[in-house]
Q: 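Have a look at this one before I ask anything.
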Amino acid sequence: MSLIEEVDLGTPRSKSETMVTLTIDGKQVSVPEGTSIMRAAMEAGHQIPKLCATDMVDAFGSCRLCLVEIEGRAGTPASCTTPVMPGLVVHTQTERLKTLRKGVMELYISDHPLDCLTCGANGDCELQDMAGAVGLRDVRYGYEGENHVFAKSNSEVNAAWMPKDESNPYFTYDPSKCIVCSRCVRACEEVQGTFALTISGRGFDSRVSPGMSESFLGSECVSCGACVQACPTATLTEKSVIEIGQPEHSVVTTCAYCGVGCAFKAEMRGEEVVRMVPYKDGKANRGHSCVKGRFAWGYTNHKERILKPMIRERIEDPWREVSWDEAFSFAATKMRGIQKKYGRDAIGGITSSRCTNEETYLVQKLIRAGFGNNNVDTCARVCHSPTGYGLATTFGTSAGTQDFDSVEETDVVVVIGANPASAHPVFASRLKKRLRQGAKLIVIDPRRTEMVESPHVKALHLPLMPGTNVAVMTALAHVIVTEGLVNEAFVRERCDWSEFEEWAAFVAQPNNSPEATAILTGVDPKVLREAARTYATGGNGAIYYGLGVTEHSQGSTTVMAIANLAMATGNIGRPGVGVNPLRGQNNVQGSCDMGSFPHELPGYRHIAGDAVREQFEALWNVKLNPEPGLRIPNMFDAAVEGTFMGLYVQGEDILQSDPNTSHVVAALSAMECVIVHDLFLNETANYAHVFLPGSSFLEKDGTFTNAERRIQRVRKVVTPKNGMADWEVTIGLAKAMGFEMNYNHPSEIMDEIAALTPTFAGVSYAKLEELGSVQWPCNEKAPEGTPVMHIDGFVRGKGKFVVTEYVATDERTGPRYPLLLTTGRILSQYNVGAQTRRTENVVWHAEDRLEIHPHDAEQRGVRDGDWVRLKSRAGETTLRAEITDRVAPGVVYTTFHHPDTQANVITTDYSDWATNCPEYKVTAVQVSPSNGPSDWQKAYDAQARHSRRIAPAEAAE
Amino acid sequence: MIMEGDPFLVIEGMTIAAITVGATKGYIYVRSEYPHAVEAMNAAIAAAKRGGYLGTNIGGTTQSFDLEVRVGAGAYVCGEETSLLESLEGRRGIVRAKPPLPAHHGLFGKPTVINNVLSFAAIPFILAEGAKAYADFGMGRSRGTMPIQLAGNIRYGGLFETAFGVTLGELVDDIGGGTFTGRPVRAVQVGGPLGAYFPRALFDTPFDYEAFAARDGLIGHGGIVVFDDSVDMRKQARFAMEFCAVESCGKCTPCRIGSTRGVETIEKIMRRERVTENLALVEDLCNTMKFGSLCALGGFTPYPVLSALKHFREDFVPAPTTLQAAE
């Protein structure tokens with residue numbers, strides 16, 4: 001194994017299909033029109049010296065190293081900014097060029113420290129490489145002149161020198177090493193779209209400056225790492241590289257945070273991770289990253305990670321560390337005992353959207369075939385189950401219709417109930433890039449999110465009241481239908497016309513107009529009409545949505561309303577359009593695909609279907625129960641009732657992430673055997689009897705499937721610290737329960753999945769190795785996968801319009817609970833925070849805060865930073881207030897990353913009518929000043945501390 | 001002076017140019033150091049709008065064109081067309097790489113015609129009198145007239161407009177009347193702070209773009225600065241580098257670092273440190289700046305430096321010390 005060196009071709013790829021042929025250094029080269037001479041030369045294998053050019057950003061032409069000579073043209077043009085022309089004859093190395101390049105390098109080095117041997121970039125420094133490439137042997141200017149290198153010059157304080165900025169926890173900024181190539185500034189603008197960096201001063205005083213000469217941490221920097229990646233010197237360097245040194249080998253793998261599924265190179269030294277660098281060939285991220293994937297992997301080595309299996313009889317007991325065998329046999333005995341006592345259906349399990357497809361598949365297989373029931377569910381229940389239901393109903397598949405590349409061809413983007421800048425940052429960056437090119441943006445969200453306020457982007461914002469999604473979507477449809485903006489040709493060809501007519505008649509009713517619904521939604525009818533017209537007539541229209549759509553009592557209805565809009569306007573079935581759920585977790589798409597729902601076998605096929613079930617029965621050699629099992633909320637209810645007594649939870653912290661925490665506590669406390677399989681003693685583990693230590697994504701092989709249905713490899717770079725990969729743990733537990741599953745490698749599990757699942761039929765590790773990734777369906781019809789779905793027609797045949805009547809949620813505001821609470825995420829933290837809270841990311845978000853409008857705060861005497869009590873019908877908690885007009889009056893907002901806040905103590909049992917997806921996004925609350933944690937929080941904290949005790953190992957005799 | 005004295009000439013020229021290319025919006029970028037020009041232009045634009053010569057349906061036609069004065073903050077480099085565009089867009093005034101040319105991708109990404117006042121002001125005459133009438137002035141490929149500023153140590157300084165073709169000697173001696181101090185003219189810098197220094201020996205050079213270029217000089221903005229025989233050309237060379245260092249936008253390396261190193265190295269020469277090596281270094285640096293710089297600021301700074309070195313080398317090389325007899 002060696003370090004994967006990605007050749008930097010200097011300038012971005014041209015998308016032109018016209019080819020241009022020219023001669024470079026005597027070689028005939030054909031490249032797409034619009035390609036730079038630099039890139040053409042690089043593709044032909046001739047590396048032109050360069051410092052300011054990198055293929056992640058547009059050519060800039062500042063370093064003047066890449067000069068070339070072109071026959072018949074005067075001067076020495078920069079090859080990065082000069083496009084190819086047919087018939088050009090280019091020379092990249094001449095006497096004149098050699099002299100010029102050496103002259104430029106001599107200038108660079110006259111203002112650069114000569115501490116190469118002790119420099120963090122030693123071995124990975126483009127400045128060093130270029131000095132070598134041009135043969136620089138002497139710097140005749142000396143080092144006594146003006147410089148940015150020395151703190152003192154000629155025994156006087158050097159005002160031009162700036163100390164290192166080490167404020168960011170993950171990288172340093174050493175201005176003394178900066179060559180002012182602007183790559184960082186341009187990466188921040190063009191790749192990330194944050195515009196946190198600039199060049200201050202001019203001429204020799206030009207400096208890279210976060211904001212107005214702020215520190216990196218104090219600036220608007222979101223720590224995505226694009227600048228660090230772009231930096232050709234040690235100016236911006238990962239602290240881990242400074243500490244450890246340069247990596248020696250690297251392995252491509254997939255990030256285990258959100259559903260974007262960024263490909264990374266894990267750059268290693270032995271089994272130590274030196275850094276994670278986004279992989280340019282990653283088709284989801286195209287070489288970009290966010291603070292989580294790029295930097296927040298330190299949790300894998302965190303001291304709180306549990307590496308040995310543990311058991312206990314009662315949750316009041318301290319944990320006892322035991323061998324794997326003892327843990328398996330203890331768990332198996334308990335689970336089988338429960339089945340004997342309470343019946344076969346008294347146990348179940350929850351698959352993880354954090355684990356691999358292979359691991360998820362095994363857990364559901366263990367439950368269906370080993371437990372002998374279908375009590376399997378997954379955390380998608382609480383996030384995107386309405387997506388599955390809604391899109392399957394209307395289009396015929398439970399997944400997004402596009403690949404992420406599609407956004408590059410979008411003209412109008414509608415973002416509903418999602419804040420990709422926080423939750424899907426790399427997709428947000430790709431979207432913002434398109435928006436800066438002129439695509440229009442419509443944001444439907446109660447909050448003025450970062451998307452609305454993104455630099456150089458003008459958004460049409462529809463700030464609706466939480467819970468009124470359906471009314472807004474139907475009002476949009478009303479405008480489209482009544483103003484004659486329907487794409488009738490598309491609808492007649494692709495959809496069921498009579499269902500359309502019925503739908504159109506419904507949405508056209510006057511009570512669905514923007515003006516009539518404004519009283520419910522709070523959205524200005526003029527803005528809503530403009531949004532509808534823009535989406536219907538602005539070219540390629542794409543809808544991206546998140547949990548703000550699904551986590552409602554009408555979650556599934558909203559998904560179908562979105563599908564209706566896309567069909568009515570013909571925005572389905574080609575690049576640039578579509579309906580795209582932004583999935584929360586790295587493998588939530590995969591866990592759904594793998595048959596994690598109680599009623600569906602892998603590939604979304606109903607368990608009651610005899611033909612399908614028999615296929616599985618034949619291969620698994622076991623009789624399966626045709627009756628769907630329990631969903632997560634049903635499991636909790638059954639536990640409280642006393643009929644569901646054992647649960648195997650892989651990689652999900654249901655206590656913190658599921659709604660109405662008190663009810664979850666009651667359910668878990670009632671169970672006789674809770675098996676938690678996780679990296680850490682999470683909140684659920686406080687109520688567990690068996691703890692099986694998990695392995696991190698760095699420690700196992702497998703695949704994740706991201707939000708665009710892209711199946712990507714996860715590759716082991718470190719031996720599992722707990723001794724076993726998660727799939728091996730599940731096999732061990734199954735075996736102890738008397739159910740044998742024999743696999744030597746996850747690739748064999750994938751082969752079984754492919755054999756049983758038509759949409760995965762063409763997937764194999766060999767194919768993933770060859771293509772990098774594939775998007776399902778991948779089968780005989782689409783051997784290389786399917787980037788865009790429903791191209792020639794809908795999977796279900798005719799697209800189905802569904803009438804979407806707005807029904808207000810039962811969760812209502814009133815005198816006691818006058819405010820609506822909605823919840824969301826923040827960039828630096830991920831989900832329940834089990835991982836990110838155990839990284840330096842806490843410097844950005846150390847606690848959950850309650851966003852409240854100044855008007856509501858004023859009425860309650862709440863000042864910024866005050867402790868407040870947040871109370872709903874379900875429970876109460878305390879947290880500190882942040883006063884902001886990002887939220888509308890009457891709406892409060894918080895995140896749920898920290899267990900000591902427990903935002904889900906507040907959320908209620910209300911859920912989506914079709915899928916039971918909880919209504920996290922709407923809770924009626926009251927906010928009042930408070931002076932400390934609630935009684936509940938104190939009791940919870942005491943229980944957690946008590947429950948996390950681990951008995952000291954017994955002394956050997 | 002045109003902008004202050006006859007702003008309508010500029011407006012008319014720009015309007016004709018706009019109609020020619022189908023542009024509907026024009027900008028006049030003026031440095032804040034010229035408040036009278038700003039005031040006069042704004043008043044003229046307002047008057048033109050009132051009179052129906054700007055805005056929609058100019059002069060009753062279907063043509064529309066609007067003008068706006070934008071005041072720059074005083075960066076020299078913002079006279080360079082692409083940094084001027086950046087500045088107009090509200091960004092830092094740094095130079096853009098070309099291509100793309102402003103004609104393809106200019107202000108706010110739109111095709112843009114960008115010219116100086118001189119060119120626009122010439123248009124009404126050409127259209128009124130015909131191209132031949134204009135071309136009858138001048139010589140060679142340099143046609144028409146040029147406003148020439150006689151300045152520095154000169155008896156009759158001022159702004160003169162004349163046809164191309166007059167010689168440098170005629171300008172300095174006949175029109176300018178020699179130096180103000182009455183001492184002999186030693187050097188003349190033509191074309192602004194980045195123009196070459198010409199000695200008397202080159203006074204036969206006609207005022208013509210090609211003729212000046214052939215002698216490593218340039219016409220530039222037509223400024224002529226006269227120096228008498230008390231001038232120290234090392235200081236003038238140093239000044240050129242310093243000017244570049246002060247005005248550099250900082251984008252490209254040769255200009256950003258090179259100008260500062262140029263000042264330092266010429267100072268070394270002034271201190272008589274390793275003169276031969278440092279002179280070679282300055283020449284190498286000038287080569288790097290001339291051919292390596294992104295725009296004319298760094299690219300033309302070598303003109304005054306190299307011309308000073310070439311024509312006035314005696315100022316740089318110490319006079320040979322009298323050999324002391326060995327004892």
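Every chain is numbered from 1, with letters handed out A, B, ... down the list of sequences.
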Q: Using heavy-atom distances under 4.5 Å, tell me whether B/Cys249 contacts chain A through its side chain, its backbone, both, or neither.
A: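 The backbone, not the side chain.
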
Q: Looking at A/Arg140, A/Arg101, A/Glu144, which one has more heavy-atom pairs under 4.5 Å with chain B than the rest?
A: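 Sorted descending by pairs with chain B, the first entry is A/Arg140.
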
Q: Could you give the distance from CZ (A/Arg64) to NZ (B/Lys251), rounded to the nearest 0.5 Å?
A: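 Reported value, rounded in 0.5 Å steps: 8.5 Å.
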
Q: What part of A/Ser182 lies closer than 4.5 angstrom to a heavy atom of chain B: side chain, backbone, both or neither?
A: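 Interface part for A/Ser182: neither.
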
Q: Where do A/Thr198 and B/Arg92 come nearest, in terms of heavy atoms and distance?
A: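 Here A/Thr198 and B/Arg92 meet closest at OG1-CD, 4.0 Å.
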
Q: So which of A/Leu107, A/Thr81, A/Leu67 has the biggest tally of heavy-atom pairs under 4.5 Å with chain B?
A: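 It is A/Leu107.
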
Q: Between CD1 of B/Ile94 and CZ of A/Phe60, what distance do you get to the nearest 0.5 Å?
A: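 Between atom CD1 of B/Ile94 and atom CZ of A/Phe60 there are 4.0 Å.
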
Q: Is it true that atom CZ of B/Arg274 has more than 12 heavy atoms of other residues, nucleotides or ligands lying nearer than 6.0 Å?
A: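 Result for CZ/B/Arg274: open.
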
Q: Of the backbone (N, CA, C, O) and the side chain (C-beta and beyond), which part of A/Arg96 lies under 4.5 Å from a heavy atom of chain B, both, or neither?
A: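 The side chain, not the backbone.
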
Q: Is B/Glu89 atom CD crowded by more than 12 heavy atoms from other residues, nucleotides or ligands, each under 6.0 Å away?
A: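 More than 12 heavy atoms, drawn from other residues, nucleotides or ligands, come within 6.0 Å of this atom.
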
Q: B/Glu267 versus chain A, heavy atoms under 4.5 Å apart: side chain, backbone, both or neither?
A: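 Contact with chain A: none, neither part.
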
Q: Return the minimal non-hydrogen interatomic distance between B/Pro99 and A/Pro83, and the atom names on each side.
A: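 Minimum heavy-atom contact is CG-CD, 3.4 Å.
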
Q: For A/Ser62, is it the side chain, the backbone, both or neither that has a heavy atom under 4.5 Å from a heavy atom of chain B?
A: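 Both parts, heavy atoms under 4.5 Å.
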
Q: Decide if atom OH of B/Tyr34 counts as having more than 12 heavy atoms of other residues, nucleotides or ligands within a radius under 6.0 Å.
A: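 No, not enclosed.
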
Q: Measuring heavy-atom distances to chain B, does A/Ile199 have an atom under 4.5 Å in its side chain, in its backbone, in both, or in neither?
A: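 Both backbone and side chain.
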
Q: With chain B as the partner, which of A/Gly145, A/Ser110, A/Pro77, A/Cys181 has the greatest number of non-hydrogen pairs under 4.5 Å?
A: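 Heavy-atom pairs under 4.5 Å are most numerous for A/Ser110.
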
Q: Go through the atoms of B/Leu285 and report whether side chain, backbone, both or neither lie under 4.5 Å from a heavy atom of chain A.
A: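 Both parts, heavy atoms under 4.5 Å.
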
Q: With a 4.5 Å cut-off on heavy-atom pairs, point out which of A/Leu51, A/Leu65, A/Ile179 contacts chain B the most.
A: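 So the answer, after comparing A/Leu51, A/Leu65, A/Ile179, is A/Ile179.
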
Q: Going from CG on B/Leu281 to OH on A/Tyr141, what distance comes out if it is rounded to the nearest 0.5 angstrom?
A: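 The distance works out to 4.5 Å.
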
Q: Heavy-atom distances under 4.5 Å only: say whether A/Leu100 touches chain B with side chain, backbone, both or neither.
A: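 Looking at A/Leu100, backbone and side chain both touch chain B.
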
Q: Got a sec: does the NZ of B/Lys235 have more than 12 other heavy atoms crowding it under 6.0 Å?
A: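 12 or below, so no.
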
Q: With a sphere of 6.0 Å drawn around CZ of B/Arg272, does it hold more than 12 non-hydrogen atoms of other residues, nucleotides or ligands?
A: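 Buried by this count: over 12 neighbours within 6.0 Å.
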
Q: Check this for me: B/Glu314, atom CD, are more than 12 non-hydrogen atoms of other residues, nucleotides or ligands nearer than 6.0 Å?
A: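 Check passes, neighbour count above 12.
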
Q: How far apart are the closest heavy atoms of B/Ala75 and A/Arg202, and which atoms are they?
A: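 For B/Ala75 versus A/Arg202, the nearest heavy atoms are CB-NH1, 3.4 Å.
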
Q: Could you state the interatomic distance from CG (A/Asp205) to CZ (B/Arg256), rounded to the nearest 0.5 Å?
A: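 That separation rounds to 10.5 Å.
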
Q: Measuring heavy-atom distances to chain A, does B/Lys290 have an atom under 4.5 Å in its side chain, in its backbone, in both, or in neither?
A: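 The answer is neither part of B/Lys290.
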
Q: Below 4.5 Å from any heavy atom of chain A, which atoms of B/Ser259 appear? Answer side chain, backbone, both or neither.
A: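 No part of it gets close to chain A.
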
Q: Does A/Val104 offer a backbone N or O that forms a donor-acceptor pair with the side chain of B/Thr253 under 3.5 Å?
A: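 Side chain of B/Thr253 to backbone of A/Val104, a donor-acceptor pair under 3.5 Å: no, none is there.
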
Q: Please determine whether a side-chain nitrogen of the Lys or Arg among A/Glu146 and B/Arg261 lies less than 4.0 Å from a carboxylate oxygen of the Asp or Glu.
A: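 No.
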
Q: Chain A heavy atoms under 4.5 Å from B/Asp284: which part of the residue, side chain, backbone, both or neither?
A: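 Contact with chain A: side chain only.
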
Q: Near B/Lys268 NZ, under 6.0 Å, is it more than 12 heavy atoms from other residues, nucleotides or ligands?
A: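 Atom NZ in B/Lys268 is packed in, count exceeds 12.
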
Q: Restricting to non-hydrogen atoms, name the atom on B/Thr288 and the atom on A/Gly103 that form the minimum distance, rounded to 0.1 Å.
A: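 Between these two residues, the closest heavy atoms are OG1-CA, 3.6 Å.
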
